[in-house]
Structures are given as C-alpha cells and as structure tokens.
Q: 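Dropping the structure in here first, questions after.
Please read these numbers as outputs of a predicted model, since none were measured by experiment.
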Amino acid sequence: MEPRTAVFISDVHLHGVDDPRTGPFAEFLLSFKGTVDVMCLVGDLFDFYYGFKSVVYWQHLPALAAFQELKKSGMKLVFIEGNHEFRIAEAMRGAFGMETHVGEGEVRIGGKRILLCHGDLADPKDYGYRFLHWALRNPITAAAASLAP
C-alpha cells in the first residue's frame with residue numbers, strides 16, 4: 001500500500017553524543033513512530049559520516065538506534081546522502097533496510113511523485129564545489145580511504 005503521510009528531515013548536522021541535540025533528536029525521531037508512514041531523511045543528518053564497511057560511528061548510536069526502532073515498527077525510511085555524508089547509502093540500506101539514494105531519488109506519497117535531493121548540486125555553475133563533490137566521492141578516493149586506519 002502506498003504511504004499517505006510523511007515527514008521530511010534535513011540538515012541536522014549532529015556532532016555525536018557530546019552534541020546536546022543528539023538525545024532530543026533521537027526522541028524527536030521516535031515521536032513519529034506509528035504516526036507517519038514514511039520518513040524521508042534528505043541529507044546532512046550528521047556533520048560528518050564516511051561509510052567505512054566495518055566502522056559504526058558510536059557517536060551516532062542514539063539516532064541509529066531510533067532508525068532501527070522505526071524500521072521495526074513498519075515505517076518506511078528513505079535516505080538521501082548529503083554533502084557531509086559520504087558513501088553511507090549502502091550502510092543505511094544494509095543496516096536499516098532504508099531505501100537509499102546518492103544524488104536524488106523519488107518517493108510516492110498520497111498518489112503524488114516527490115523528487116528528493118539534498119540540494120548541494122543545485123547551482124550548475126558552482127564548478128569548484130562540483131569538482132570537490134566528485135573528488136570526495138570517486139572510486140580512487142574511496143580506495144584510498146579504505147586503506148586508512
């Protein structure tokens with residue numbers, strides 16, 4: 001059945017457990033349990049997150065635990081990578097069964113098609129940022145990062 005209700009969350013920029021917003025944000029996420037059909041996470045929930053295959057950032061466990069509980073409750077979770085999150089779509093999909101997208105994605109809610117994107121690539125003439133975006137996400141950078149301890 002197609003979702004009829006949704007919440008959209010973006011640009012929280014959590015720093016971790018020392019961030020005074022971390023606990024309240026996890027509680028905020030859980031406040032939607034049983035009240036909405038789909039939660040769309042539209043990038044930059046974390047101030048920095050690089051998706052190493054064998055690393056979980058313990059600093060973000062409160063939010064990650066909330067995602068797990070929401071998923072168990074039957075809520076659909078959709079995640080769009082932001083410009084402060086790198087290569088984590090696969091991890092979010094694997095750990096929480098989220099529908100994930102790098103760049104942009106589409107969701108259907110209440111009979112409407114909705115385009116989701118973080119927006120950091122909205123200016124096609126921002127060549128400096130577009131190069132940086134490419135450099136941080138290309139396979140060579142990923143391979144080099146995987147060698148780092």
Q: Applying salt bridge (charged side-chain N to carboxylate O under 4.0 Å, His left out), name anything that partners D19, two or more places apart in sequence or on another chain.
A: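 Counting only residues at least two positions away or on another chain, D19 forms a salt bridge (charged side-chain N to carboxylate O under 4.0 Å, His left out) with R21.
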Q: Are H133 and D120 side-chain neighbours, meaning at least one heavy-atom pair lies under 4.5 Å?
A: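 A side-chain contact under 4.5 Å exists here.
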Q: Considering the options K76, R108, K71, which one meets the salt bridge (charged side-chain N to carboxylate O under 4.0 Å, His left out) requirement together with E99?
A: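 Exactly one candidate clears the test, K76.
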Q: In terms of hydrophobic clusters joined by side-chain contacts under 4.5 Å, are V42 and F25 together?
A: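 Not linked; separate clusters.
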Q: Would you find more than 12 non-hydrogen atoms of other residues, nucleotides or ligands less than 6.0 Å from R4 atom CZ?
A: no
Q: Kindly assign one of parallel, tilted or perpendicular to the pair H60 and F46, based on the angle between their ring planes and the thresholds 30° and 60°.
A: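 Taking F46 first and then H60, their aromatic rings sit tilted (interplane angle of 30° to 60°).
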Q: Got a sec: does the CG of L115 have more than 12 other heavy atoms crowding it under 6.0 Å?
A: yes
Q: Would you check if L70 and F96 make a side-chain contact, meaning some heavy-atom pair closer than 4.5 Å?
A: no
Q: Can any side-chain N or O of T22 pair as donor or acceptor with the backbone N or O of G16 at less than 3.5 Å?
A: yes
Q: Examine distances only and state if a side-chain atom of Q59 and a backbone atom of D18 form a donor-acceptor pair shorter than 3.5 Å.
A: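 No: the side chain of Q59 does not pair with the backbone of D18.
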Q: Heavy-atom distance under 4.5 Å between the side chains of F28 and V12, does that happen here?
A: no
Q: Are F8 and F32 co-members of a hydrophobic cluster defined by side-chain heavy atoms under 4.5 Å apart?
A: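 In one cluster: no.
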Q: Would you indicate whether the side-chain heavy atoms of Y49 and L14 approach each other to under 4.5 Å?
A: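 Result no, sub-4.5 Å side-chain heavy-atom pair not found.
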Q: Would a hydrophobic clustering, with Ile, Leu, Val, Met, Phe, Trp and Tyr connected at side-chain separations under 4.5 Å, put M75 with V7?
A: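 Yes, because M75 and V7 connect within a single hydrophobic cluster, where side-chain heavy atoms sit under 4.5 Å apart.
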Q: For the backbone of L45 and the side chain of E85, can you confirm whether one donor and one acceptor N or O come within less than 3.5 Å of each other?
A: yes
Q: On a heavy-atom basis, which atom in A63 and which in A26 lie closest, and how many Å separate them?
A: N-CB, 4.3 Å
Q: Which heavy atom in A66 sits nearest to a heavy atom in L29, and how many Å separate them?
A: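 For A66 and L29, the tightest heavy-atom pair comes out as CB-CD1, 3.9 Å.
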Q: Membership question, hydrophobic clusters at under 4.5 Å side-chain separation (ILVMFWY): are M39 and M92 in the same one?
A: yes
Q: Restricting to non-hydrogen atoms, name the atom on V38 and the atom on P3 that form the minimum distance, rounded to 0.1 Å.
A: CG1-CB, 4.0 Å
Q: Would a distance-only check, ignoring hydrogens and angles, find a side-chain to backbone donor-acceptor pair under 3.5 Å from D44 to H13?
A: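 The answer is no, because no donor-acceptor pair under 3.5 Å joins these two groups.
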Q: Are the side chains of M98 and L41 in touch, meaning some heavy atoms are under 4.5 Å apart?
A: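 Side chain of M98 against side chain of L41, heavy atoms only: contact under 4.5 Å found.
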Q: What are the two closest heavy atoms between L116 and C40, and how far apart are they?
A: CD1-SG, 3.9 Å
Q: Using 30° and 60° as the class boundaries, would you call the ring planes of W134 and F131 parallel, tilted or perpendicular?
A: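 If you compare the ring of W134 with that of F131, the planes turn out tilted.
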Q: Please give me the minimum heavy-atom distance between A6 and I109, naming the atom from each residue.
A: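 So the minimum-distance heavy-atom pair works out to CB-CD1, 3.4 Å.
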Q: Side-chain contact test, heavy atoms from C-beta onward, threshold under 4.5 Å: evaluate it for V78 versus H101 and give yes or no.
A: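 They are in side-chain contact.
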Q: Linking I/L/V/M/F/W/Y whenever their side-chain heavy atoms sit closer than 4.5 Å, directly or via other members, would V102 and L132 fall into one cluster?
A: no
Q: Give me the atom names and distance for the closest heavy-atom approach of E81 to H118.
A: O-CB, 3.9 Å
Q: Quick check: does any side chain N or O of T100 sit under 3.5 Å from a backbone N or O of E90, one acting as donor and the other as acceptor?
A: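 No.
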Q: About how many Å separate SG of C117 and CD of E106, when rounded to the nearest 0.5 Å?
A: 12.0 Å
